[in-house]
Amino acid sequence: MRNSIGTLLFTWLRGEEIGRDAAGNRYYREKVKSRHRGMFGSMRRERRWVVFDGHIEASRIPPEWHAWIHHMVAEPPNSDDHERKPWEIEHQPNPTFTEQAYRPPGHTLLGGKRDKATGDYEPWSPA
């Protein structure tokens, strides 16, 4: 899947590149801050978005960029600031709809057969 023509056009016209992550994803915000007031008089937040390098998948956004893109922090992350914790692991793509997806015993793609019930199951029957 690729970034849409609309996203790329909007990015070219109105986007200001803020930074890139290790995966090559590029992060943007609007060049001109909007002075438009919403229906209830509040100022609209600045627009922030990502243009993915390759497959579009939200889980490919690292935590530090996730915080910025969702307005949890005001300043974009600095690549020098992020210190990897010992418990952090490398990103693994979402395996849903692939051969690596989890399939429980009895799944139709695994033959559709599962072990017999072990006695802890009692079917409902109308009295």
Side-chain angles (χ1 to χ4, degrees):
M1 192 180 273
R2 307 284 300 162
N3 293 295
S4 75
I5 258 305
T7 300
L8 295 176
L9 185 61
F10 184 82
T11 299
W12 181 67
L13 291 172
R14 310 232 357 226
E16 170 190 11
E17 185 172 336
I18 299 304
R20 294 175 186 232
D21 64 21
N25 300 324
R26 296 178 311 231
Y27 297 87
Y28 294 89
R29 69 175 160 207
E30 274 187 293
K31 288 179 190 173
V32 180
K33 293 189 178 175
S34 174
R35 301 286 183 235
H36 172 70
R37 289 199 175 268
M39 193 163 83
F40 300 106
S42 61
M43 294 292 282
R44 183 172 60 92
R45 290 194 303 185
E46 106 181 325
R47 286 185 178 170
R48 299 174 179 178
W49 68 95
V50 60
V51 174
F52 290 97
D53 181 31
H55 184 69
I56 297 173
E57 182 188 325
S59 71
R60 290 184 58 216
I61 298 176
E64 61 273 13
W65 280 104
H66 180 273
W68 178 79
I69 211 160
H70 290 281
H71 300 274
M72 297 167 147
V73 296
E75 295 299 317
N78 184 345
S79 59
D80 302 332
D81 292 346
H82 183 67
E83 178 184 324
R84 281 190 85 76
K85 306 287 189 251
W87 47 264
E88 287 183 294
I89 59 174
E90 288 297 316
H91 173 266
Q92 294 182 5
N94 185 343
T96 304
F97 304 116
T98 68
E99 289 296 320
Q100 291 80 34
Y102 172 73
R103 293 185 175 90
H107 192 280
T108 55
L109 294 178
L110 297 177
K113 295 186 186 339
R114 64 180 183 88
D115 295 336
K116 294 267 187 211
T118 60
D120 60 348
Y121 171 77
E122 186 176 321
W124 176 81
S125 61

Peer 1: Test question: given the 4.5 Å side-chain rule for I, L, V, M, F, W and Y, name all other residues clustered with Trp124, or answer none.
Peer 2: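 Trp124 clusters with nothing; isolated.
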Peer 1: Just so I know, are the side chains of Arg14 and Lys31 near enough to count as touching, which here means a heavy-atom distance under 4.5 Å?
Peer 2: no
Peer 1: If you compare all heavy atoms of Ala101 against all heavy atoms of Thr96, which two are closest, and at what distance to 0.1 Å?
Peer 2: CB-CA, 4.2 Å
Peer 1: Does Glu57 have any side-chain contact (heavy atoms from CB on, under 4.5 Å) partners at least two apart in sequence or in another chain, and if so, which?
Peer 2: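 Once residues adjacent in sequence are excluded, the partners of Glu57 under the side-chain contact (heavy atoms from CB on, under 4.5 Å) criterion are His55, Ser59, Arg60, His91, Pro93, Asn94.
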Peer 1: Just verifying a value: how many Å separate Thr11 OG1 and Glu17 CD, rounded to the nearest 0.5 Å?
Peer 2: 10.0 Å
Peer 1: Tell me, do Asp21 and Ile61 make a side-chain contact under 4.5 Å, heavy atoms counted?
Peer 2: no
Peer 1: Taking C-beta and beyond as the side chain, do Arg48 and His71 meet within less than 4.5 Å on heavy atoms?
Peer 2: yes
Peer 1: Once rounded to the nearest 0.5 Å, what's the spacing between atom CZ of Arg103 and atom CG of Leu109?
Peer 2: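 Going from the CZ atom of Arg103 to the CG atom of Leu109 covers 5.0 Å.
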Peer 1: How long is the span from the CG atom in Asn25 to the CZ atom in Arg20, to the nearest 0.5 Å?
Peer 2: 10.0 Å
Peer 1: Which other residues belong to the hydrophobic cluster containing Trp49, where Ile, Leu, Val, Met, Phe, Trp and Tyr are joined when side-chain heavy atoms lie under 4.5 Å apart, directly or via other members?
Peer 2: Leu8, Phe10, Tyr28, Val51
Peer 1: Return the set of residues passing ring pair (Phe, Tyr, Trp, His ring centres under 6.0 Å) with Tyr27 (not counting sequence neighbours), or none when no residue passes.
Peer 2: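 For Tyr27, the residues satisfying ring pair (Phe, Tyr, Trp, His ring centres under 6.0 Å) (neighbours in sequence not counted) are Trp65.
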Peer 1: If you round to the nearest 0.5 Å, how far is CD of Glu30 from CD of Glu46?
Peer 2: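 The distance works out to 8.0 Å.
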Peer 1: Taking ring pair (Phe, Tyr, Trp, His ring centres under 6.0 Å) as the definition, give me every residue that meets it alongside His70, ordered by chain and number, with sequence neighbours left out.
Peer 2: His66
Peer 1: Run the side-chain contact (heavy atoms from CB on, under 4.5 Å) test against Phe97 and tell me which residues pass, sequence neighbours left out.
Peer 2: none
Peer 1: If Ile, Leu, Val, Met, Phe, Trp and Tyr residues are connected whenever their side-chain heavy atoms lie under 4.5 Å apart, and connections chain through other members, are Val73 and Val50 in the same group?
Peer 2: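 In one cluster with Val73: Val50, yes.
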Peer 1: Can you tell me how far CZ of Phe52 sits from OG1 of Thr7, rounded to the nearest 0.5 angstrom?
Peer 2: 10.5 Å
